[in-house]
Amino acid sequence: MTTPFAAPKGVPDYFPPNSAAFTAVRSALLGATARAGYGYIELPVFEDTALFARGVGESTDVVSKEMYTFTDRGGRSITLRPEGTAGVMRAVIEHGLDRGQLPVKLAYAAQFFRAEQPQAGRYRQFHQVGVEAIGVDDPALDAEVIAIADEGFRALGLTGYRLELTSLGDATCRPQYREKLQAFLAKLPLDEDTRRRAEINPLRVLDDKRPEVRELVAEAPLMLDNLSPETLEHYERVKAHLGDLGVKYVENPRMVRGLDYYTKTTFEFVHDGLGAQSGIGGGGRYDGLMAQLGGQELSGVGFGLGVDRALLACQVEGLAVGDATRCDVYGVPLGDAARSRLVGIGAPLRAAGVRYDMAYGGKGLKGAMKGADRSGARFALVLGERDIEAGVAQLKELATGEQREVPLADVVTEVRRALER
RNA sequence: GUGGGUGUAGCUCAGUCGGUAGAGCACUGGGUUGUGAUCCCAGGUGUCGCGGGUUCAAGUCCCGUCACUCACCCCA
């Protein structure tokens with residue numbers, strides 16, 4: 001039971017057969033981005049610590065206490081990426097990707113790291129599929145981004161989630177609202193912790209889970225009621241475009257974001273079957289981020305979708321995702337001559353696109369047939385001395401038990417024909 | 001950082017009043033010398049997380065410790 005090594009705390013291992021579902025979820029989410037014209041970007045797992053401090057926000061919990069940060073041999077402070085957007089912005093600025101036609105549309109599937117206390121659906125290494133659309137402040141683009149995420153989840157067959165939507169205002173109306181909210185909160189009989197939170201990020205107080213606090217803030221002013229005319233117009237158009245796209249949503253004016261860079265449109269996909277960690281994806285607009293990181297004054301909008309949590313959601317909903325079978329045809333040799341023939345046949349079969357595996361290790365016939373069964377293969381290809389002399393092989397369909405002889409010379413063609421039926 | 005729960009076979013878990021190791025699945029072999037899954041038979045399944053204590057005797061009770069897990073804080 002006790003093994004010499006165990007995985008570091010809070011990191012998931014995905015292995016067969018369930019890893020097939022993991023990769024299927026990731027592919028489904030990434031596939032939705034590719035169908036909307038997003039190009040794939042692969043970035044380093046670690047970056048200069050200052051990039052995240054500046055991009056994500058010094059005052060956020062992510063930066064202040066939840067990053068994996070270390071000093072490399074050159075004395076530089078390095079951090080394992082806690083989220084995707086800052087790194088993408090860095091690459092866009094560094095390589096001048098924003099000098100061509102806008103928007104720049106980029107997608108990624110990557111792993112991220114946060115040194116949080118793990119719990120159900122919250123890992124220290126987690127996987128996200130994300131997009132960033134940079135350089136055009138068009139409400140239609142916000143709507144497209146949201147619709148892509150929704151398509152990804154729907155492609156998996158998920159139904160038990162909802163889309164929550166709000167607007168966080170912009171650089172002009174948010175500071176005004178923030179003051180207004182803080183003035184309101186200052187008059188309430190709040191405990192010390194909550195008062196401190198009200199100073200750092202007053203929006204969080206609105207999302208407090210405690211009933212007594214909820215009651216106190218029930219009448220608090222909301223950002224949605226204090227948007228500037230321009231921001232309100234932007235938000236209304238996003239909602240209209242979501243209608244055009246047939247995406248359903250509910251407004252949640254008390255939504256909380258942990259990252260400082262969000263502006264205007266903000267959204268979250270919430271699944272109710274996952275326990276306390278109910279968010280399966282989220283994102284929004286971040287109009288000041290590029291400039292903050294030393295780039296042009298360009299707007300941006302994007303999302304991050306949790307692959308781990310989407311997988312959990314699929315399991316909760318009982319969805320069969322991905323194909324866990326390892327091969328289509330499984331070779332069962334009887335004797336060394338047959339073994340050589342079946343080894344050799346692997347090359348042309350695989351070249352023809354057939355997934356082929358066989359019994360290795362000198363197993364008996366019974367063991368080899370069992371291997372065929374466990375592999376999930378549709379056919380077993382049985383070959384013995386008698387068959388070789390006759391110039392044939394036995395092709396057995398495992399589900400039905402039906403077996404027929406095929407000419408050894410035409411095995412590839414015969415197998416492909418059989419698989420097409 | 002704080003609180004609860006759980007640690008027994010590879011996996012999922014039983015284990016009564018403290019009395020000397022259990023089930024299912026999986027795995028291996030056989031029933032079938034050239035046929036899997038189904039069925040029958042046989043078989044390893046083991047530091048009962050680790051350390052200490054109480055006791056004639058501890059998986060069981062007590063203390064400590066570690067790990068996992070759920071939740072709080074916070075959050076994709």
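Here is the naming used below: chain letters follow the sequence lines, and residue numbers restart at 1 for every chain. Note: hydrogens, waters and symmetry copies are ignored here, and every other heavy atom, side chains too, is used. These numbers were taken from a predicted model, which means no experiment stands behind them.
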Original post:
To the nearest angstrom, how far is D208(A) atom CG from rC74(B) atom C1'?
Top reply: 12 Å
**OP:** Can you figure out which of rC75(B), rG34(B), rA71(B) approaches the side chain of A276(A) most closely?
**Re:** rA71(B)
Original post:
Within the pair R257(A) and rC74(B), is there a side-chain N or O less than 4.0 Å away from OP1 or OP2?
Top reply: no
Original post:
Is the phosphate of rA71(B), meaning OP1 or OP2, less than 4.0 Å from a side-chain N or O of Q119(A)?
Top reply: yes
**OP:** Measure from the side chain of L365(A), starting at C-beta and using heavy atoms only, and say which of rG30(B), rG34(B), rA76(B) lies closest.
**Re:** rG34(B)
Original post:
Within this structure, what is the CG-to-C1' distance between L381(A) and rG36(B), rounded to whole angstrom?
Top reply: 15 Å
Original post:
Checking all strands, does F269(A) fall into the base, sugar-phosphate, or nothing category for heavy-atom contacts under 4.0 angstrom?
Top reply: nothing
Subject >> Gap in Å between the two P atoms, one belonging to rU20(B) and one to rG36(B), rounded >> reply: 42 Å
**OP:** May I ask you to decide if L43(A)'s main-chain N or O and R81(A)'s side chain share a donor-acceptor pair within less than 3.5 Å?
**Re:** yes
Original post:
When rounded to the nearest Å, what value does the distance between C1' atoms of rC11(B) and rC72(B) take?
Top reply: 31 Å
Original post:
Just how far, in rounded Å, is C1' of rG34(B) from CG of L334(A)?
Top reply: 5 Å
**OP:** Could you tell me whether the phosphate oxygens of rC68(B), OP1 or OP2, come under 4.0 Å of any side-chain nitrogen or oxygen in K9(A)?
**Re:** yes
**OP:** For G282(A), answer base if it contacts any base atom (sugar-phosphate contacts may also be present), sugar-phosphate if it contacts only those atoms, and nothing otherwise; contact means non-hydrogen atoms under 4.0 Å.
**Re:** sugar-phosphate
**OP:** Please state whether the base of rU35(B) and the side chain of Q403(A) form at least one donor-acceptor pair under 3.5 Å?
**Re:** yes
Original post:
E268(A) side chain: which of rC68(B), rA71(B), rA76(B) is closest?
Top reply: rA76(B)
**OP:** Could you check which nucleotide pairs with rA26(B) in any of the strands shown, counting Watson-Crick or G-U wobble with both distances under 3.5 Å?
**Re:** rU45(B)
**OP:** Counting heavy atoms from C-beta on, name the nucleotide in rC73(B), rU35(B), rA76(B) closest to the side chain of R197(A).
**Re:** rC73(B)
Original post:
What interatomic distance, in whole Å, is found between C1' of rA26(B) and the corresponding atom of rU69(B)?
Top reply: 25 Å
Original post:
Considering heavy-atom distances to RNA chain B, does A7(A) or G121(A) have its closest nucleotide positioned more toward the 5' end?
Top reply: A7(A)
Subject >> Between rG43(B) and rC56(B) - P atom distance, rounded Å >> reply: 38 Å
**OP:** Name the nucleic acid region contacted by G281(A), choosing base, sugar-phosphate or nothing; use a 4.0 angstrom heavy-atom cut-off, strictly under.
**Re:** sugar-phosphate
**OP:** Report the relative orientation of the aromatic rings in F22(A) and Y14(A); use parallel for angles under 30°, tilted for 30 to 60°, perpendicular for over 60°.
**Re:** parallel
Original post:
Distance-only, no hydrogens or angles: does the S278(A) side chain make a donor-acceptor pair with backbone N or O of V270(A) under 3.5 Å?
Top reply: no
Original post:
Quick one: which of rG34(B), rC70(B), rA76(B) gets closest to the side chain of D387(A)?
Top reply: rG34(B)
Subject >> Gap between atom CG of L383(A) and atom CD1 of I345(A) - 0.5 Å precision >> reply: 7.0 Å
Original post:
Do the side chain of R386(A) and the base of rG34(B) come within less than 3.5 angstrom through a donor-acceptor pair of N or O atoms?
Top reply: yes
Subject >> Phosphate OP1/OP2 of rA71(B): any R122(A) side-chain N/O under 4.0 Å >> reply: no
Subject >> Check: P333(A) main-chain N/O paired with R339(A) side-chain donor or acceptor under 3.5 Å >> reply: no
Original post:
Using atom C1' of each nucleotide, how far apart are rG44(B) and rU54(B) to the nearest Å?
Top reply: 35 Å
**OP:** Can you spot which of I146(A), N252(A), T266(A) makes a side chain to side chain contact (heavy atoms under 4.5 Å, CB included) with L165(A)?
**Re:** I146(A)
Original post:
Of the nucleotides rU35(B), rA76(B), rC72(B), which has the atom closest to the K396(A) side chain?
Top reply: rU35(B)
**OP:** Write down the partner of rC39(B) under the Watson-Crick or G-U wobble criteria, each distance required to be under 3.5 Å.
**Re:** rG31(B)
Original post:
Could you give the CZ-to-P distance, from R124(A) to rA76(B), as a whole number of Å?
Top reply: 18 Å
**OP:** State whether Y356(A) and R350(A) meet the cation-pi test: NZ (Lys) or CZ (Arg) under 6.0 Å from the six-membered ring centroid, and within 45° of the perpendicular axis.
**Re:** no
Original post:
Taking the side chain of Q394(A) as heavy atoms from C-beta outward, which of rC73(B), rG34(B), rC75(B) is closest to it?
Top reply: rG34(B)
**OP:** Measure the spacing between CD1 of I388(A) and CZ of R341(A) and express it to the nearest 0.5 Å.
**Re:** 6.0 Å
**OP:** Please work out if G401(A) contacts a base, only the sugar-phosphate, or nothing of the nucleic acid, heavy-atom cut-off 4.0 Å.
**Re:** base
Original post:
Looking at rC73(B), rA76(B), rA37(B), which one has an atom nearest to any side-chain atom of K370(A)?
Top reply: rA37(B)
**OP:** Round to a whole Å and report the spacing from CZ of F5(A) to C1' of rG49(B).
**Re:** 18 Å
Original post:
Atom CG of L383(A) and atom P of rU35(B): how far apart are they, to the nearest Å?
Top reply: 15 Å
Original post:
How many Å lie between CD on Q117(A) and P on rG3(B), as a whole number?
Top reply: 12 Å
Original post:
Of all the choices, rC72(B), rC68(B), rU35(B), which nucleotide is nearest to the side chain of Q277(A) once you look at every atom?
Top reply: rC72(B)
**OP:** Classify the nucleic acid contact of V332(A) as base, sugar-phosphate or nothing, counting any heavy atom under 4.0 Å across all strands shown.
**Re:** nothing
**OP:** Rounded to the nearest angstrom, tell me the gap between atom CD in E116(A) and atom P in rU2(B).
**Re:** 17 Å
